Number of protein chains: 2
Amino acid sequence: MLKYQQIASDIERYIEENALQQGDKLPVLEALMARFEVSKSTITKSLDLLEKKGVVYQVRGSGIFVRRHKRKGYISLLSNQGFKKDLEGFQITSKIIEFDVRKPTQEAADNLNISQEEDVYYVKRVRYINGQTLCLEESYYSKSIITFLNKEIVSESIFDYIREGLGLNVGFSDIYLQAGRLNEEEAGYLGLEKGFPKFYVETLFHLTNGQPFDFSKVTYNFEQSQFFIQANGPL
Amino acid sequence: MLKYQQIASDIERYIEENALQQGDKLPVLEALMARFEVSKSTITKSLDLLEKKGVVYQVRGSGIFVRRHKRKGYISLLSNQGFKKDLEGFQITSKIIEFDVRKPTQEAADNLNISQEEDVYYVKRVRYINGQTLCLEESYYSKSIITFLNKEIVSESIFDYIREGLGLNVGFSDIYLQAGRLNEEEAGYLGLEKGFPKFYVETLFHLTNGQPFDFSKVTYNFEQSQFFIQANGPL
DNA sequence: AAGTGGTCTAGACCACGTG
DNA sequence: ACGTGGTCTAGACCACTTG
């Protein structure tokens with residue numbers, strides 16, 4: 001692991017273990033340089049990483065401070081895939097509705113940047129949180145990149161498998177959000193009524209080299225789902 | 001303006017002017033160093049900034065590439081306040097419903113981290129996009145930070161005024177999202193029916209020094225609003 | 001004025017991808 | 001093997017905040 005990543009994770013753990021709150025001050029740069037025995041740039045890089053993650057904010061002339069929102073039970077839209085309802089204590093399970101290899105829809109092919117002749121793995125599943133329906137998810141995985149999937153993998157964490165099993169590096173993603181009304185099928189799977197509101201998210205995941213490998217369409221049970229984003233400054 | 005910011009904006013303009021597409025390759029680091037006559041770290045910092053903004057992605061051993069999603073007409077949730085429906089051509093107007101100085105609600109005071117005795121500016125307005133209702137917005141501004149507001153400012157861009165008029169630096173924000181159902185009042189302002197879906201967003205804006213100064217509650221017309229986020233890698 | 005974070009440099013060395 | 005981006009250093013100087 002790289003120095004700056006290790007330091008960032010050490011600092012993050014330190015904040016966690018000491019239950020530091022929003023606005024609490026961290027040691028000054030000089031102290032951190034000495035503590036970790038690295039140059040200023042390395043510490044700076046660690047802190048920039050933590051700032052990007054929304055863990056700290058740095059104020060010139062003043063110090064380095066902990067950033068921590070107060071609300072609990074929100075799903076982070078940025079800490080890519082793998083939910084992680086804030087501070088855990090939430091049990092996520094899945095039921096597979098469909099799983100096969102097929103030709104993609106026009107829409108999926110367009111997003112994945114492949115032709116409709118190429119194979120994709122198709123996964124449709126309902127996800128539950130503490131026993132309640134959380135969402136209905138349909139995903140298309142480029143078979144040319146995700147060369148193998150099976151039911152066992154699909155019922156667990158697909159992304160862990162992609163990283164560890166296939167050795168691929170997940171990079172950036174484009175996320176599209178909107179509200180709408182449940183159709184009959186969605187309502188059925190989520191145990192709600194047709195016409196109820198839905199929180200609808202499409203995500204296109206890319207590898208670090210820019211290749212799109214997963215296009216997902218997710219319909220959330222609006223009663224179970226609250227999301228949050230930590231944004232950084234007017235870019 | 002700092003070198004790395006200037007370079008970043010030059011590169012961004014270059015991409016814009018030449019209408020580069022997703023996956024198009026930019027000149028290599030060496031070339032950029034020579035072109036802008038700066039050190040490697042400075043170029044790197046510029047590119048990191050652009051990567052954070054979702055404008056490029058960098059692949060070690062391969063190159064620097066343009067990142068550009070295809071969909072048009074989506075509102076960016078990250079390019080903080082000031083909407084900017086993608087690639088413009090959209091006219092945003094506002095109608096003020098209420099504007100005054102008052103004591104905050106418990107909720108607003110909690111979020112702004114002030115007592116209920118302190119004054120806030122309260123603004124309630126409906127925003128329109130191309131003549132259609134876009135959203136109903138309620139905002140609370142800490143009067144101790146935003147020392148002055150008036151109707152003229154409120155009907156234009158409040159954030160521009162905060163930056164230029166007051167000389168304050170807008171920093172990070174916490175954004176909370178959910179779907180729900182319109183109540184009677186919201187439906188009225190948006191010209192929809194009670195019980196229809198809504199896309200609901202609360203945002204807490206902070207200055208760069210960490211002080212919260214604006215708590216906003218926004219109810220979007222679900223028919224007019226699609227949002228997107230460009231996320232970067234599993235943090 | 002002192003303290004603290006931010007920018008920028010020049011250069012060594014490393015790690016990943018491609019041909 | 002080579003090209004390309006990434007990490008890390010040591011140090012000079014700058015800019016904002018606080019007392």
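Computed from a prediction, not measured in an experiment: that's the story for all the values here.
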Among [options], the nucleotide that comes nearest once only the side chain of [X] is considered:
X       : options               : result
B:Ser39 : C:dT9, C:dG5, D:dT7   : C:dT9
A:Arg60 : C:dT7, D:dA10, C:dG6  : C:dG6
B:Ser41 : C:dT4, D:dA10, C:dA10 : C:dA10
B:Tyr4  : D:dT4, D:dG6, C:dC8   : C:dC8
B:Val38 : D:dT4, D:dA10, C:dT9  : C:dT9

Spacing between [X] atom [atom1] and [N] atom [atom2], to the nearest angstrom:
X       : N      : atom1 : atom2 : answer
A:Leu2  : D:dT9  : CG    : P     : 11 Å
B:Ile7  : C:dC8  : CD1   : C1'   : 10 Å
A:Met33 : D:dC8  : CE    : P     : 14 Å
A:Asp48 : C:dT7  : CG    : P     : 8 Å
B:Ile43 : C:dA10 : CD1   : C1'   : 15 Å
B:Leu32 : D:dG3  : CG    : C1'   : 15 Å
A:Leu26 : C:dG5  : CG    : C1'   : 13 Å
A:Glu37 : D:dC8  : CD    : C1'   : 15 Å

Handout entry: Pairwise 5' ranking along DNA chain C for B:Lys40 and A:Lys40, keeping only the more 5' one
Key =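 Whichever sits nearer the 5' end wins; that is A:Lys40.
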Problem - Residue mapping more 5' on DNA chain C - nearest nucleotide basis, B:Val59 or A:Glu30 - result: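 Residue closer to the 5' terminus by nearest nucleotide: A:Glu30.
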Exercise for the section: Classify the nucleic acid contact of A:Ile64 as base, sugar-phosphate or nothing, counting any heavy atom under 4.0 Å across all strands shown. Expected result: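 Result for A:Ile64 = sugar-phosphate.
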Handout entry: Polar side-chain atom of B:Arg68 near backbone of B:Leu20 as donor-acceptor pair, under 3.5 Å
Key =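 A pair under 3.5 Å: yes.
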Any side-chain N or O of [X] under 4.0 Å from OP1/OP2 of [N]?
X       : N     : answer
A:Gln58 : C:dT4 : no
B:Ser62 : D:dG3 : no
B:Thr42 : C:dT9 : yes

Exercise for the section: Tell whether B:Lys45 reaches the base of C:dG6 with its side chain through a donor-acceptor pair below 3.5 angstrom. Expected result: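 There is none.
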Check: [X]/[Y] side-chain N/O donor and acceptor closer than 3.5 Å:
X        : Y        : answer
A:Asn232 : A:Arg67  : yes
A:Arg60  : B:Asn209 : no
A:Gln6   : A:Asp10  : yes
A:Asn113 : A:Gln211 : no

Exercise for the section: Could you tell me whether B:His69 and B:Phe228 have their ring centroids closer than 6.0 angstrom? Expected result: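 Between B:His69 and B:Phe228, the centre distance is under 6.0 Å.
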Problem - Nearest-nucleotide comparison on DNA chain D, the residue closer to the 5′ end among A:Lys3 and B:Gly63 - result: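 By nearest-heavy-atom nucleotide position, the 5'-most residue is B:Gly63.
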Practice task
Specify the residue among A:Met1 and B:Asn169 whose closest nucleotide of DNA chain D lies further upstream toward the 5′ end.
Solution key: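 Here A:Met1 is the residue nearer the 5' end.
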